[in-house]
2 protein chains.
Amino acid sequence: MATLRDVAREAGVSVATASRAINGLGNVTAPTKAAVMAAVKKLNFVPHSGARSLTRRKTDTVGVILPDLFGEFFSEIIRGIDLVAHESGMHLLLGNMHGSTHETAAAIAAMRGRVDGLLVMPPDLKPELLSDYLDPALPTVLLNYDAGSLDLPFVAVDNYRGAYAMTEALLARGARHVVHIAGPKHNRDARDRQRGFVDAMAKIGGVRNPAILPGDFSEESGLKAAGLLLQGQLPADAVFAANDQMAVGLIAGLAEAGKSVPGDVMVAGFDDIPLARHLNPSLSTMQVHIDRLGSTAMMMLLRILRGETLGSASATILTPALIARGTTAMAAQAMTAQP
Amino acid sequence: MATLRDVAREAGVSVATASRAINGLGNVTAPTKAAVMAAVKKLNFVPHSGARSLTRRKTDTVGVILPDLFGEFFSEIIRGIDLVAHESGMHLLLGNMHGSTHETAAAIAAMRGRVDGLLVMPPDLKPELLSDYLDPALPTVLLNYDAGSLDLPFVAVDNYRGAYAMTEALLARGARHVVHIAGPKHNRDARDRQRGFVDAMAKIGGVRNPAILPGDFSEESGLKAAGLLLQGQLPADAVFAANDQMAVGLIAGLAEAGKSVPGDVMVAGFDDIPLARHLNPSLSTMQVHIDRLGSTAMMMLLRILRGETLGSASATILTPALIARGTTAMAAQAMTAQP
DNA sequence: GTTAACAACGTAACCGGTTACACGGGCGAA
DNA sequence: TTCGCCCGTGTAACCGGTTACGTTGTTAAC
């Protein structure tokens, strides 16, 4: 592989001049620049980004640390990040903590000297631990995580409000006994959604201790919830699952038992995964623009890297939108397919 | 940020000793090593990977260059790659060519000095162009691309065989007039699938010029194809879409016109996207383990990086499996839901 | 007692770029 | 003519690590 020295020798100039010519800096005559460029072509020289980033003290790369890479959720986040990063000529270095807390520290440490900034999504991590791992000198934006006590910039989804709105909508459609299928115990999103549900039930429905079934965000747990619902004597005319995956499982379970949705019971989910609108009947849900989560975080990071101060923009909260589809259609509408 | 020299000074040793102690090389007394480690802790020193990779001449990173990041297909590939990469302590640097050929060159060039090897998925690129862009010194494995004349290792899906098998299955189920919805003209996958269809129709069905409708792998183009099918006088008792997305659009279009699937017409797709089994009726398709595409390629790259020669293993072809579901169920089975 | 061998550690070159500073020449102004 | 300035270019230090090689001190072998 040709180095800058090779190019300089070939062009009969010094490395400094060669570097300046290649990078288009001033103070280089047209003929010398041409000579250098000719040498570049001839040796097909490509600058060594690693070496360059060492002196420039910037890598044009941001590290993205995610808890996992499974499913459309993470892929959408990455796409959103890439969209913005690409515009600014930034590269993405992927770090996967594979669920383990110990690996989180390793993943973050491995980023030193490779990236200019970090985008981190710490799923169930305690804030104190997180601040231990993080390098204060490395600009960092948190993904889908309300920093709380830490003064790190973050972008998150307003899960509480979303769940509140969905519960309200179910009640408005005439449901009296709404059952919630919760997500994983320690998951922040899941907990916020549950809180929203409980509060809405209390304030709007006047119900103190609404029914809550356990779940873990997986389709299987939705199926299980259907079983519990059917065999139990729980009165239910609507079910609000903490995410779409569980709603999908739930609907499958209900269908198997001959229950009609929304005729016998309305169903709602959260996330608006692509599958939601293809179900039959289509699934009502809270739409979260997952890609915006990534792109917003990336834009914040870019601003920090440019030296701007975020101020109040250092905490961005995305509000999900209610998407009413077939599974919560009123009786009269139940027959008309809604695409 | 503390550097190695800071650590060495703090511990009262030379940089060489500090480096050896940190990296666990021999020839360091226990007490000196302890002193160095204490200094590391005190200054919380983290080695600068960029600088390290400069001398070591390896980065422990592989570059992944994809045409896009949209949808489950790419996310599954990345996940497959990460699975294997992670085991070997490798990092992933994402490069997105965003569909443009010009950016492909830039994306590849930008990898110089950042990665030890490359995983490239060149969708509609001509082999000659590709070899121009690629650096012969950088180990490269092609994703979902039959290198053909180039002697680059690759892993691909046997689209021809898959399409052949699916067409055969449709004919075996009694279909006489099978219509194909093709993918994008210049896409290799699409062309191979079409060839498989045409050949199977000729050899098994005895049909010379089977009906082929245009498409571009998008759901909309499937919907359009349904329109063409319905208004035309084309006889059709089965439709084989070149991918699942189009099949989904097609089914929606048929349902809107009151056509029954599989009663009036059978439908089959290709890819087995997660959505396929959730449709009603569920979609018959060719299952491709997309994540294996990524993990296999990564394993090949790792072997090359270890200095092994791949030999005949330098070309891996994954064979998709037929998944028969509801949309191709025989008349008798048409009533029973197949999960 | 001398020497060879080896273990522990230090010095400095090097990876491949960038860039501060030095230097020489051409030109305008006094 | 001489001085000063600026422009184009070269020299060398530097980024933060690794490592070849040299040095010192200890021990085993003669």
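Source: prediction; values computed, not measured. In what follows, every chain begins at residue 1, and chains take the letters A, B, ... in the order their sequences are listed.
Candidate nucleotides C:dG17, C:dA8, D:dT18 were compared by shortest atom distance to the side chain of B:Leu4, and D:dT18 ranks first. Distances from the side chain of B:Thr55 to the nucleotides C:dG16, D:dT19, C:dC15 place C:dC15 closest. Comparing C:dT18, D:dT18, C:dC9 by their nearest atom to the side chain of B:Val15 picks out D:dT18. In the set C:dC9, C:dG10, D:dG8, C:dG10 carries the atom at the smallest distance from any side-chain atom of B:Ser14. Taking every side-chain heavy atom of A:Asn27 into account, D:dC7 is the closest of D:dG10, D:dC7, D:dA20. The side chain of B:Arg20 sits closest to C:dG10 out of D:dT9, C:dG10, C:dG16.
A:His289 and A:Glu76 share no donor-acceptor pair across their side chains, judged by distance under 3.5 Å alone. Side-chain polar atoms of B:Asn144 and B:Asp189 form a donor-acceptor pair below 3.5 angstrom. In this model, no donor atom of one side chain and acceptor atom of the other lie less than 3.5 Å apart for A:Thr104 and A:Thr101.
Between B:Thr3 and D:dG16 there is no side-chain N or O to OP1 or OP2 distance below 4.0 Å. Within the 4.0 Å cut-off from OP1 or OP2 of D:dG17, at least one side-chain nitrogen or oxygen of A:Arg112 is found. For the OP1/OP2 pair of D:dG10 and a distance below 4.0 Å, the side-chain nitrogens and oxygens of A:Thr17 include at least one atom meeting the criterion. Here B:Arg57 does not reach the OP1 or OP2 of C:dC15: none of its side-chain N or O atoms lies under 4.0 Å away.
Within 4.0 Å (heavy atoms only), B:Thr32 reaches sugar-phosphate atoms of the nucleic acid but no base atom. At the heavy-atom level, B:Ser19 lies under 4.0 Å from base atoms of the strands shown.
B:Met1 places its CE atom 9 Å from the P atom of D:dG17, with the value rounded to the nearest Å. Here the P atom of nucleotide C:dT18 and the CG atom of A:Asp60 are 12 Å apart, to the nearest Å. Look at CG on A:Leu54: it is 17 Å from P on D:dA13, rounded to the nearest Å. In this structure, A:Asp6 places its CG atom 13 Å from C1' of C:dC15, rounding to the nearest Å.
Below the 3.5 angstrom threshold, one finds no donor paired with an acceptor across the side chain of A:Arg56 and the base of C:dG17.
Checked for salt-bridge contact, B:Asp82 and B:Arg79 miss the test: no charged N lies under 4.0 Å from a carboxylate O.
In this structure, A:Met90 places its CE atom where more than 12 heavy-atom neighbours from other residues, nucleotides or ligands lie under 6.0 Å away.
Checking A:Arg52 against B:Thr29, the closest nucleotide of DNA chain C that is more toward the 5' end is the one next to B:Thr29.
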